[in-house]
Amino acid sequence: MTRYEFSKLISPVTVVLLMILFAVRIFVSFLPRQYDIAYSKAVYKEYMKVLEGKTATEAAEYIEAEKAWLETALNADVTEDMTLQEQFAVTEDLSEAQRKTDAFQAVYEKYLYFCEQEEKGRHPVFFYDLDWLLYLDDDGPDWLLLLLLAGIIVPYFTNDCGKIHSMLFCTGYGRKKLITVKLAVAAAFGCLITILFNLSDACCFVVQSAPDYYNAPIYSMQTFQNCTWELSLTEYTMLKDTFHVLWSIAAILVSALLSIRYKNAAFAALLVVAVIFIPFLIGFMLPTAFRTLSIGGSLGGHTPLQVTQPLFAWSCLSYCLHIVLLWIGCIKSWCTRN
Amino acid sequence: MELRLENISKHYGSKRALQSVSLSVSEGIYALLGPNGAGKTTMMHLITDVLTPTGGRILYNSQPIETLGTSYREKIGFLPQEPGFYPHFSGEKMLRYFACLKGVSDEKTVCEALLHQTNLWDCRKRKVGGYSGGMKRRLGIAIALLGNPEILVLDEPTAGLDPKERIRFRNLIHQISKNRIVIYSTHIISDISSIADRIILLKNGMVECVKTPDELCSMLSGKVWEAIVPTEQSDTLLSHHCVTGFTTKGNRSCFRIISDQKPVPDATEVSANLEDVYLYYFGGDSHDAI
């Protein structure tokens, strides 16, 4: 039965829609990235390349030396008793120090943050993290993906609530078993598409940024200082993607429930869009409040909230509970005879 | 094999679709005859366990169908008025999908046999979206026949078919009616006149009578007349009597009239057919009669 349900779900229209969406996604992923920083990305990268792999002591020595050099270079004056060559060297150092000073400030802050972490018994590592930050930046689910999933799922369920419903309903397995298989297929489809979506994102990130340090602890980036879990970048990425999958399953089940309940594809689609966009609008108007719902919020990224492991566990439990309730709601709604 | 409806009622809000219907059917073809809105589809949905009755109960071999559950539904074959198949599925795939839903073992062999039986073998690979109305109906009957059901319920299966397809469909129903209960809803009398064992007349949600075609026709004995009158009297006859048909030849017209009394002095009594029966019972409120 599962095979046929997949065939019903993946109609030629669905395939075209998915291809368009993936093309748009990949195109957007390759657009130049916007970095919200006040210093030179190139200089920051230079510093990080130097600091990569250094022990805490080596890093401290380098940073202190660099700090001293910058202070000297920025405060040095050209005097008349200098030779022309000396004057040229001072000017050149000044210009180099001016180029580096803002980026160094960011590096220095990071160094101070690392010192704090070392005192807490944590061991952050230096690596070039700007591309990682953009990649891991998470404001919650991908609305375009959720809407596309809803667009596919609504007709998948409303079609079976239409003219063919009585034929399905009077078969031996046309009730609980059929709706369970349908929900499982829809959820599996949602998971698959979300994973493919995230994979395409990851591939674009790898191709564009050639990142390194996959196993570095997530708290090496100050943004994630509140994260109480000892997660590596890879583990955090997987957790983030898991949350996206949970969001997709929840959106699919909401779409399924409304489709079964209202039976009319256009009306159900309208309701689904409203239900999916209401959180988006709340998030747009109250970003801080909404971010507690996102993975970044749950794990302490991009939010002043001191989010800890129990809250994350609560979020996860809440999602799972909602999914189970929606699932039961769909089965009950499908099996209800008038 | 007995299906019994005991005091069945079905209400949709304040609308009473069926009222205290009691009926017992066993092997054979039962034609459910009635105008639009008489409650035919509701009755079929109740028999197929798609709807729950507001009152009363349905028994199959003396057991309530809600108790039998899946084991009852496995014995049902249902073809609704407009099946609404998946257009991107091929005929064969559609059939095999339903075989799966009905838990048919050896689905490949069963489906192949049904595709041959319903004359769909040559177009089994074609998308259902490209099927004609007749092909869709035949696919519907093939689906209904999956699992060799003991109860076959067909809701206006010939609506919208051309005469050739209708005759082909009628013959098919006749072939497959052995050893099962066939409930066939229609308001096209010619479809059932030759194949129905019994006719259930349904009017305003109530069963008027259940009789064989011959018994129904004999009930109209002395009420069906043929009269040949000058054409100029046609309007008078049409406005004052229930006319079931007429032909015109030159300046004279031949009328077939249902009337308790002789409509014109020269009228001759003729034997009734099912169209006359239909018009006698439903003439007042049916606009779909032939």
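Chain naming here is simple, since letters A, B, ... match the order of the sequence lines and numbering starts at 1 in each.
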| request: Grab the two heavy atoms, one from His45(B) and one from Ser166(A), that are nearest each other, plus how far apart they are. | output: NE2-CB, 3.8 Å
| query | In terms of heavy-atom pairs under 4.5 Å, which option from Val181(A), Val13(A), Leu168(A) contacts chain B the most? | reply | Leu168(A)
| request: For Thr242(A), enumerate each residue passing the side chain to side chain contact (heavy atoms under 4.5 Å, CB included) test, keeping only those at least two apart in sequence or located in another chain. | output: none
| query | Would a distance-only check, ignoring hydrogens and angles, find a side-chain to backbone donor-acceptor pair under 3.5 Å from Arg73(B) to Thr171(A)? | reply | yes
| Whether over 12 other heavy atoms sit under 6.0 Å from His322(A) NE2 | no
| request: Using a 4.5 Å cut-off on heavy atoms from C-beta on, say whether the side chain of Arg175(A) contacts that of Asp49(B). | output: yes
| Step by step, would you call Lys177(A) with Thr70(B) a side chain to side chain contact (heavy atoms under 4.5 Å, CB included)? | CA-CA 11 Å; Lys177(A) 187 175 178 185; Thr70(B) 307; over 6 Å; no
| Within a strict 4.5 Å, meaning less than it, do heavy atoms of the Cys170(A) and Val50(B) side chains meet? | yes
| task | Can you measure from CZ (Phe169(A)) to CG (Leu51(B)) and round to the nearest 0.5 angstrom? | result | 9.0 Å
| query | Between the main-chain N or O of Ser7(A) and the side-chain N or O of His88(B), is there a donor-acceptor pair closer than 3.5 Å? | reply | yes
| remark: Greatest number of non-hydrogen atom pairs under 4.5 angstrom with chain B, of Lys163(A), Met167(A), Lys8(A), falls to Lys8(A)
| task | Under 4.5 Å heavy-atom distance to chain A, tell me which part of Leu146(B) shows up: side chain, backbone, both or neither. | result | neither
| said: With a 6.0 Å cut-off (strictly less than), is the heavy-atom count around NE2 of His174(B), excluding the residue itself, greater than 12? | reply: no
| field | Part of Lys93(B) within contact of chain A (heavy atom distance under 4.5 Å) | value | both
| query | Above 12 or not: heavy atoms from other molecules or residues under 6.0 Å from CE of Met1(B)? | reply | yes
| Would the number of heavy atoms belonging to other residues, nucleotides or ligands and lying under 6.0 Å from CZ of Arg124(B) be above 12? | yes
| query | Is the number of heavy atoms from other residues, nucleotides or ligands within 6.0 Å of CZ (Arg198(B)) greater than 12? | reply | yes
| note | The single option from Phe98(B), Tyr97(B), Tyr86(B) that satisfies ring pair (Phe, Tyr, Trp, His ring centres under 6.0 Å) with Tyr4(A) is Tyr97(B)
